[in-house]
Amino acid sequence: MPETTPTVPTAGPGVPAYVGIDIGSTTTKAIAFAADGSPLASGSAGYEISRPAPDHAEQEGQDWIDAVDACVARLAAQVDLAPVRAIGVTSQVDTHVPVDAELRPLRPALLWQDVRTAATAESLNERLGPEGRLAGWGDERPIDASNPVPRALWLAEHEPDVWAATRWLLLPKDLVVGWLTGAPSADPLGSFKVVGPDGRYVAGVAHAPGLAERLAPLASPEAPAGGTVRAWHGIAAGTVVATGTMDAFGNVLGSGLHEVGHTMATIGTSVIVAALGADGTPAPGVVAFAPFRSRHVHAGPTQSGGESLRWWARLSGHTVEDVVAAAATAVPGCGGVVFAPHLMGERAPLWDDHVRAWFTGLSSSTTFADLSRAVLEGVAYSLRELLEAVEVATPRAGSLTMSGGGSRSELWCQIVADVTGRVVRRSREADTAVVGAATLAASAVTGDDPWRAAASLSQVDRVFEPDPGVTATYDALFTLYRQTYAALGPVHDRLAAHRTTAPGGTP
């Protein structure tokens, strides 16, 4: 069973409560909230990302189930869960696990970082062309490697026995909700790459034969999922479970966004930027979600946020804490050293499966502290690039509500404020997706508007003002960051053909 990490807030028996659960890329977290939003207890459980070959990233579906069970067991050890009225679940998206009719995983899940299907996606894009993509998805933009269609095609070609035995292709939260209730379900927001503005699966899923019948039924995130919950760690049998949604949308709700122009950023394993716009007009490289309760969300995820920090700590033989401490001793701009955090390709706003990370500006005087700070700054550059892409469709934000594990570093919060030139308002709860999940749980039984409920639950614990003294330095280096990507594009395209492939895999 995965280890759990408790925090201490407790309350006496009989307090009405909701449980929010977020299944992240490396950690699952659960919090029990009182009806007024006060946290009562929390627990977390970690697990690993397996990388069996270049460009592969996998997790065992059972690890998510075990982690959720361990987290809720920890809650039960701290507070009476009998008053829990509903459970909400959010999770990482662009992560798919094939399961059989009994909801048993048939192979490790392909994570959002997994780009083994890049060649499959490229072949599909060439075959369909802009007109075919427009007809199938309502969008001419290329289909990326994490779309369920190329993943289904890859499974059918490379693991036909697994695909033949697959009853459902599920996101992590859909697997857990199915495990809790016995009835798999999905939501339009979490399934956005194969769901159109009408909230239904797009015609394009037909390009992967057999995929349509393997996609779970759709329901609104706050709608009660089907099936019946058994008694579980003190939670009563029959307790409502919300359908749930993606972690990014949970972060939006949990960050308290509710008016046009409100913007949030999360530094977890990846970076997520989201903002509320006046309408659903799309912007290049950014997802315009179907409206949810009359709000239009524009957002995008990068590929490697906190993962870049962990990678550099592991590669350099230091702890994450050592890296951050060293970074604090380097000057802003690191003497002209720039890092690009594209370790496994890039998602928004580039959607480039071929690009990889780089350091530029190294010299004989470059120090470990310079490189460590450059990693933090590089993630901030990718955050700014994504923020500016989002703001093509939304008003310019004067401030960002920031959450995620990276937000617990005051240095990183200040770097984000300085690189973006925006005020950073740090959320009290690092995992705002958990707050969003609990909000959906409450709405599932009360019928209240999740936006209104979330606005009253979110709180900020510190504000970081941008330092005008470093603005010119960061503006210049950000320009070079973008110019370097453009210049290296043909190089990365050529290098993609030389990567080592696993047996039966693709570059």
Side-chain angles (χ1 to χ4, degrees), residues 263 265-267 269-273 283-286 300-309 311-312 315 323-324 327 330-363 365-392 396-397 400 402 406 409 411-422 424 466-493 495-496:
T263 305
T266 297
I267 300 181
T269 302
S270 65
V271 168
I272 298 169
V273 174
V286 174
T302 72
Q303 193 79 331
S304 183
E307 181 68 16
S308 292
L309 174 58
W311 165 81
W312 175 240
L315 185 69
V323 168
V324 174
V331 299
C334 313
V337 175
V338 175
F339 172 72
H342 311 310
L343 292 167
M344 294 188 71
E346 189 53 281
R347 296 193 289 176
L350 304 178
W351 301 108
D352 187 341
D353 294 330
H354 288 175
V355 68
R356 290 298 181 269
W358 66 81
F359 282 104
T360 53
L362 302 182
S363 71
S365 62
T366 299
T367 66
F368 171 67
D370 292 331
L371 294 172
S372 297
R373 186 180 182 104
V375 169
L376 301 184
E377 291 178 347
V379 173
Y381 293 142
S382 72
L383 188 156
R384 174 174 169 177
E385 184 171 43
L386 179 52
L387 173 65
E388 292 183 358
V390 167
E391 289 178 338
V392 170
R396 187 184 191 278
L400 306 173
M402 190 164 159
S409 165
L411 173 63
W412 218 346
C413 287
Q414 188 61 54
I415 287 174
V416 170
D418 294 340
V419 167
T420 63
R422 320 298 173 90
V424 168
D467 179 359
V470 299
T471 298
T473 294
Y474 280 134
D475 283 349
L477 292 177
F478 176 68
T479 298
L480 291 172
Y481 167 88
R482 300 185 77 170
Q483 290 174 341
T484 305
Y485 168 72
L488 289 177
V491 174
H492 288 131
D493 288 340
L495 286 174

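Quick caveat: nothing in here was measured; it's all calculated off a predicted structure.
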Counting only N and O atoms by type, is there a donor-acceptor contact under 3.5 Å from the side chain of Asp475 to the main-chain atoms of Ala472? no
Show, in sequence, the C-alpha distance, side-chain angles and deciding distance for Thr473 and Val331, and conclude whether the side chain to side chain contact (heavy atoms under 4.5 Å, CB included) test is met. CA-CA 11 Å; Thr473 294; Val331 299; over 6 Å; no
Hey, could you give me the CG/NE2 distance between Leu350 and His342, rounded to the nearest 0.5 Å? 5.5 Å
Can a donor-acceptor pair be found, under 3.5 Å and without considering hydrogens, that links the side chain of Ser382 to the backbone of Val379? yes
State the CD1-CD1 distance between Ile267 and Ile272, to the nearest 0.5 angstrom. 11.0 Å
Nearest heavy atoms of Trp412 and Gly306, plus distance in Å: CH2-CA, 4.1 Å
Main-chain N/O of Val338 paired with Glu377 side-chain donor or acceptor, under 3.5 Å: no
Exercise: identify the closest heavy-atom pair between Thr302 and Ala348: CG2-O, 3.7 Å
Check whether any side-chain heavy atom of Arg356 sits under 4.5 Å from a side-chain heavy atom of Leu495, and report yes or no. no
With a 4.5 Å heavy-atom cut-off, do Tyr474 and Thr420 have their side chains touching? no
Are any of the side-chain heavy atoms of Leu411 and Arg373 separated by less than 4.5 Å? yes
Would you say the side-chain atoms of Gln303 pair up with the backbone N or O of Met344, donor to acceptor, closer than 3.5 Å? yes
Atom pair CG (Leu477) and CD (Gln483), whose distance is rounded to the nearest 0.5 Å: 11.0 Å
With a 4.5 Å cut-off on side-chain heavy atoms, are Thr263 and Val390 touching? no
At their closest point, which heavy atom of Pro466 faces which heavy atom of Pro468, and how far apart are they? O-CD, 3.3 Å
Separation of Thr484 OG1 from Arg482 CZ (nearest 0.5 Å): 12.0 Å
Do Val286 and Val392 come within less than 4.5 Å of each other through their side chains, counting heavy atoms only? no
Please tell me if the side chains of Glu385 and Glu346 come closer than 4.5 Å, counting only heavy atoms from C-beta onward. no
If you measure from CG on Leu371 to CG on Leu376, what distance do you get to the nearest 0.5 Å? 11.5 Å
Partners passing ring pair (Phe, Tyr, Trp, His ring centres under 6.0 Å) against Tyr481 (at least two apart in sequence or in another chain): Tyr381
With sequence neighbours left out, what residues match His492 under ring pair (Phe, Tyr, Trp, His ring centres under 6.0 Å)? Trp358
Work out which heavy atom in Ala389 is nearest to a heavy atom in Pro349; give both atom names and the distance. CB-CB, 3.7 Å
Under 3.5 Å, is there a donor-acceptor pair between the side chain of Ser308 and the main chain of Val375? no
Check the pair Phe359 / Thr366 against side chain to side chain contact (heavy atoms under 4.5 Å, CB included), numbers first and verdict last. CA-CA 11 Å; Phe359 282 104; Thr366 299; over 6 Å; no
Min side-chain heavy-atom separation Val416-Leu400 under 4.5 Å: yes
Pairing residues for Trp351 by the ring pair (Phe, Tyr, Trp, His ring centres under 6.0 Å) criterion, not counting sequence neighbours: none
So which atom in Leu343 and which in Ser304 form the shortest heavy-atom distance, rounded to 0.1 Å? CD1-OG, 3.5 Å
Note: Gly305 and Val271 closest approach over all heavy atoms is CA-CG2, 3.9 Å
Let me see the working for Arg384 and Asp418 under salt bridge (charged side-chain N to carboxylate O under 4.0 Å, His left out), right down to the final yes or no. CA-CA 10 Å; Arg384 174 174 169 177; Asp418 294 340; over 6 Å; no
